[in-house]
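A, B, ... follow the sequence lines: proteins, then strands. Residue 1 opens every chain. In what follows, every heavy atom counts, from backbone to side chain, and hydrogens, waters and symmetry copies are set aside.
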There are 2 protein chains.
Amino acid sequence: MQEPTLLLLTALADEPRHGYALMQEVVEISNGRVRLRTGTLYGALERLQREGMVRVEREEVVDGRARKVYALAEPGVTALAEETARLRAVATEAERRLALRPGLKGATA
Amino acid sequence: MQEPTLLLLTALADEPRHGYALMQEVVEISNGRVRLRTGTLYGALERLQREGMVRVEREEVVDGRARKVYALAEPGVTALAEETARLRAVATEAERRLALRPGLKGATA
DNA sequence: CTACATATATCGGTGACCGGCATATGTCTG
DNA sequence: CAGACATATGCCGGTCACCGATATATGTAG
């Protein structure tokens, strides 16, 4: 799973949101680092629906603009929980190994 | 950065290793989940060298077999440290949001 | 001598993501 | 009213990391 997908699922984790709101939410979650393009967003949303991770909760019309509200399906909840556990484990191992490095650029001497 | 690359950098984080050893190390780090193909390994190694993340530490011949020993370069150390920090932050946020979910499938009632 | 572990490397295909474009409505400013 | 901008969704072509297969070569086990 790549970062854009991970951030998308995270943005849907607490409550259902529509596409444009997801783009803004991802910017916040990533501290402005990641700005999803619409191509990535709707492409990923379609793919995640095919995979059963995400479903369309409902369709609204607000101010004459059509909206699709997306929600995490159960497999999406499970997948996100497993992915975060995996990432945390790898991050911990990476940091452990980095601390084990011999040459710390002049330090420890 | 994708998971194969992250695992590769992690496998190099504590000390230099040659290609085949990296494949085995990645299997261990990922608890057998990820098995790097040689195409992925040597392709990624070349790319990471181009990007200045990894360098060839030395070349050996052991038992008549040639080896290239790769090491993390400074930019690679920095990149790995930043990546793990980012991933940890996203993982924490994802778990916070998952805990916030209203419908916990019959629980909490 | 056959099979397998060690060890490196190349090549073609797939698919996620990016960048750009298209479309449409509401609001704000001049 | 015109133009710019935020809101909102969607398609299409290109790139590039990764996968799967193949090739090469040596040492060891059966």
Side-chain angles (χ1 to χ4, degrees), chain A residues 1-12 16-28 30 33-51 53-71 76 79-80 83 86 90, chain B residues 1-12 16-28 30 33-51 53-71 76 79-80 83 86 90:
Chain A
M1 186 187 301
Q2 283 169 260
E3 214 193 359
T5 301
L6 174 66
L7 289 167
L8 244 187
L9 293 183
T10 300
L12 279 177
R17 288 186 168 86
H18 65 277
Y20 197 83
L22 287 172
M23 287 196 286
Q24 300 172 322
E25 200 71 11
V26 165
V27 171
E28 276 182 41
S30 66
R33 220 181 63 244
V34 179
R35 287 174 190 276
L36 252 45
R37 325 294 158 165
T38 60
T40 306
L41 175 73
Y42 293 105
L45 245 20
E46 255 182 66
R47 173 174 48 89
L48 290 169
Q49 283 178 78
R50 269 201 319 272
E51 295 168 357
M53 304 274 197
V54 167
R55 66 170 193 281
V56 175
E57 176 91 344
R58 63 180 184 279
E59 303 195 32
E60 307 170 335
V61 176
V62 177
D63 288 328
R65 289 188 215 93
R67 275 183 180 176
K68 278 185 190 168
V69 178
Y70 300 90
L80 179 56
E83 182 72 10
R86 272 196 294 271
V90 174
Chain B
M1 188 188 302
Q2 282 168 260
E3 214 192 2
T5 301
L6 174 66
L7 290 167
L8 244 187
L9 293 183
T10 300
L12 278 177
R17 286 186 170 88
H18 65 278
Y20 197 84
L22 286 171
M23 286 196 286
Q24 300 171 320
E25 199 71 12
V26 164
V27 171
E28 276 182 42
S30 66
R33 218 181 64 245
V34 179
R35 287 174 190 276
L36 253 45
R37 326 294 158 166
T38 61
T40 305
L41 176 73
Y42 293 105
L45 244 21
E46 255 183 64
R47 174 174 47 90
L48 290 168
Q49 281 179 77
R50 268 202 319 274
E51 295 169 356
M53 305 274 197
V54 167
R55 65 167 194 282
V56 176
E57 177 91 342
R58 64 181 183 278
E59 304 195 31
E60 306 170 335
V61 176
V62 178
D63 287 328
R65 288 187 215 93
R67 277 183 179 175
K68 278 186 191 168
V69 178
Y70 300 90
L80 179 56
E83 183 71 9
R86 273 195 294 270
V90 175

A.B. asks: Considering residues at least two apart in sequence or located in another chain, which fulfil the side-chain contact (heavy atoms from CB on, under 4.5 Å) criterion with A/R65?
C.D. replies: A/D63
A.B. asks: Locate the shortest heavy-atom distance separating A/V34 from A/S30; write the atom from each residue and the value.
C.D. replies: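 Where A/V34 meets A/S30 most closely, the heavy atoms are N-OG, 3.0 Å.
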A.B. asks: Using a cut-off of strictly less than 4.0 Å, decide whether A/Y42 has a side-chain nitrogen or oxygen near OP1 or OP2 of D/dG10.
C.D. replies: no
A.B. asks: Out of D/dA8, D/dC18, D/dG10, which has the shortest distance to the side chain of A/R67?
C.D. replies: D/dA8
A.B. asks: Need one value for B/E60: base, sugar-phosphate or nothing, where a base atom within 4.0 Å counts as base even if backbone is also close, heavy atoms only.
C.D. replies: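 Result for B/E60 = nothing.
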A.B. asks: So which atom in B/T40 and which in B/L36 form the shortest heavy-atom distance, rounded to 0.1 Å?
C.D. replies: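 Looking at all heavy atoms of both residues, the closest pair is CG2-CG, 4.4 Å.
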A.B. asks: Please report the distance, rounded to the nearest Å, between CD in B/E3 and C1' in D/dC18.
C.D. replies: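 Result: 12 Å.
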A.B. asks: Which whole-number value in Å describes the distance from A/L36 CG to D/dT7 P?
C.D. replies: 16 Å
A.B. asks: Contact boundaries of DNA chain C with chain A (under 4.0 Å, heavy atoms), 5' to 3'?
C.D. replies: C/dA16 to C/dG26
A.B. asks: For the atom pair CD (B/Q2) and CG (B/L7), what is the distance rounded to the nearest 0.5 Å?
C.D. replies: 11.5 Å
A.B. asks: Report the distance from atom CG of B/L41 to atom P of D/dA17, rounded to the nearest whole Å.
C.D. replies: 15 Å
A.B. asks: Using whole Å, what does the distance between atom P of nucleotide D/dC16 and atom CD of B/E46 come to?
C.D. replies: 15 Å
A.B. asks: Base, sugar-phosphate alone, or nothing: which one does A/E59 contact when heavy atoms must sit under 4.0 Å apart?
C.D. replies: nothing
A.B. asks: With heavy atoms under 4.0 Å as the rule, sort B/A21 into base, sugar-phosphate or nothing.
C.D. replies: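 B/A21: no heavy atom of the nucleic acid under 4.0 Å.
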A.B. asks: How many Å lie between CE on A/M23 and P on D/dT7, as a whole number?
C.D. replies: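 Rounding to the nearest Å, CE of A/M23 and P of D/dT7 are 9 Å apart.
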A.B. asks: Taking atom P of D/dA8 as reference, at what distance in whole Å does atom CG of A/L22 sit?
C.D. replies: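 Nearest whole value for this atom pair: 11 Å.
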A.B. asks: Sugar-phosphate means primed atoms, P, OP1 and OP2; the rest is base. With that split, encode nucleotides 20-30 of chain D 5' to 3' as B, S or - using protein heavy atoms under 4.0 Å.
C.D. replies: BB----BS---
A.B. asks: Ignoring hydrogens, what is the shortest heavy-atom contact between A/R35 and A/V27? Give both atom names and the distance.
C.D. replies: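 Closest approach of A/R35 to A/V27: CG-CG2, 3.9 Å.
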A.B. asks: How close do B/L12 and B/R17 get, counting heavy atoms only, and between which atoms?
C.D. replies: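 Nearest pair, atom of B/L12 first, then B/R17: CD2-N, 3.7 Å.
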A.B. asks: Would you say the side chain of A/R86 lies within less than 4.5 Å of the side chain of B/R33, judging by non-hydrogen atoms?
C.D. replies: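 With C-beta onward as the side chain, the pair touches.
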A.B. asks: So which atom in B/Y20 and which in B/Y42 form the shortest heavy-atom distance, rounded to 0.1 Å?
C.D. replies: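 Distance-wise, the nearest heavy atoms are N-OH, 4.1 Å.
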A.B. asks: Reckon B/Q2 has a side-chain N or O less than 4.0 Å from the OP1 or OP2 of D/dC16?
C.D. replies: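 Answer no for this pair, as no side-chain N or O of B/Q2 is under 4.0 Å from OP1 or OP2.
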A.B. asks: In whole angstroms, how far is the C1' atom of D/dC16 from the CD atom of B/E51?
C.D. replies: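 The answer, rounded to whole Å, is 11 Å.
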A.B. asks: Can you name the closest pair of heavy atoms from B/Y70 and B/Q49 and give their distance?
C.D. replies: CE2-NE2, 3.5 Å
